[in-house]
Amino acid sequence: MKSAWLRCIGAFVVCGALAACRATSSTLTPPPLSSGSVSLAPDVPGFPVPAGSVLVNVQIDGSGTTAYRIATWQSGSGYDATISFYKSLSDSRWKGRGSSITSPDAADYSFSDAAGVFASCQMEISRTNPVKINTRFLPPGGVPAHSYAPGPTIAFGSLPAQTTLPEGFPAALVPSGATLADASSVGSTYYAIFSSSIASAVYQSQIAAVATVMNTATQAGTTVIDFTYDGHPGQVVVDPTSRQIYIEVTK
């Protein structure tokens with residue numbers, strides 16, 4: 001799963017599949033939140049979201065059942081609870097398909113529509129404050145021909161984990177005593193996952209020796225460290241539960 005996250009970076013660069021979901025607009029009245037509905041709601045397809053969630057954005061291209069729609073909610077639950085909600089979702093209309101793709105900052109899911117109104121729903125849960133649920137509903141015929149919305153998500157198969165760091169990855173950021181689990185790069189941006197039991201405070205001190213730590217926060221049990229390295233942004237997520245460290249750095 002972690003390897004799939006690193007490979008899907010390329011898909012993001014190619015098609016920006018869910019970037020439009022982050023657009024904002026005036027707050028809209030949310031549809032019923034308890035479960036999905038077979039019929040279309042006035043502004044957004046009936047789709048299950050955690051109780052207390054608020055619909056904050058809807059974009060529509062086309063009309064009726066052939067419309068291509070993007071909707072964003074602020075989740076009524078925290079990041080882990082929102083992910084748990086969808087992992088255990090039992091809904092008569094929306095059926096999970098395939099495996100989720102996760103990163104330190106988001107988790108992506110795909111659902112089929114048993115009602116046949118839409119071909120699929122592509123969803124991203126963002127580790128923001130508040131947590132965002134970004135959804136993209138594709139009609140059976142695909143995106144409308146004249147749509148300015150992003151095209152269908154490109155699906156990539158799982159690839160073997162990378163066992164060596166990409167050339168150019170800052171060696172000083174390798175956690176002391178850690179084992180490389182996977183790595184990748186896109187241009188001058190590098191990604192790596194290390195298995196390590198190093199304490200977050202100790203690793204932060206290691207980062208501070210070669211970079212400028214901008215912010216440290218605790219999110220859903222993980223420690224997120226934002227820093228700049230040679231004037232470029234970077235981020236580290238230390239997960240004590242899985243004993244893994246996720247690194248993103250630009251040179």
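These values consider heavy atoms only, across backbone and side chains, with no hydrogens, waters or symmetry-generated copies.
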### Task
Evaluate side-chain contact (heavy atoms from CB on, under 4.5 Å) for F47 paired with D91, printing each intermediate quantity in order.
CA-CA 9 Å; F47 187 75; D91 187 86; over 6 Å; no
Looking at [X] and [Y], would you say the former's side chain and the latter's main chain have a donor-acceptor pair under 3.5 Å?
X	Y	answer
Y203	L173	yes
Q206	A172	yes
S53	G76	yes

### Message
Between V210 and I207, is there shared hydrophobic-cluster membership here, with clusters defined by ILVMFWY side-chain heavy atoms closer than 4.5 Å?
### Response
yes
### Task
Could you tell me which residues satisfy side-chain hydrogen bond (donor to acceptor under 3.5 Å, both in side chains) with Q235, sequence neighbours excluded, listed by chain and number?
D226
### Query
Excluding sequence neighbours, so at least two apart, what forms side-chain hydrogen bond (donor to acceptor under 3.5 Å, both in side chains) with T250?
T189
To the nearest 0.5 Å, what is the distance between [atom1] on [X] and [atom2] on [Y]?
X	Y	atom1	atom2	answer
K251	Y190	NZ	OH	5.5 Å
D108	E124	CG	CD	5.0 Å
F137	S120	CZ	OG	9.5 Å
T164	D182	OG1	CG	10.0 Å

### Task
Give the C-alpha distance, both sets of side-chain angles, the deciding distance and a yes or no for side-chain contact (heavy atoms from CB on, under 4.5 Å) between I83 and Y109.
CA-CA 10 Å; I83 287 180; Y109 293 85; 3.2 Å; yes
### Task
Check step by step if side-chain contact (heavy atoms from CB on, under 4.5 Å) holds for F194 and L180.
CA-CA 4 Å; F194 290 94; L180 180 65; 3.7 Å; yes
Grab the two heavy atoms, one from [X] and one from [Y], that are nearest each other, plus how far apart they are.
X	Y	result
V238	P240	O-CD, 3.3 Å
S77	T82	O-OG1, 3.4 Å
A211	T228	CB-O, 3.2 Å
S176	I198	N-CD1, 4.2 Å

### Task
Run the ring-centre check on W94 versus Y86 and record whether the distance is less than 6.0 Å.
no
#### Entry: Polar contact flag, side-chain donor to acceptor under 3.5 angstrom, S110-R97
yes
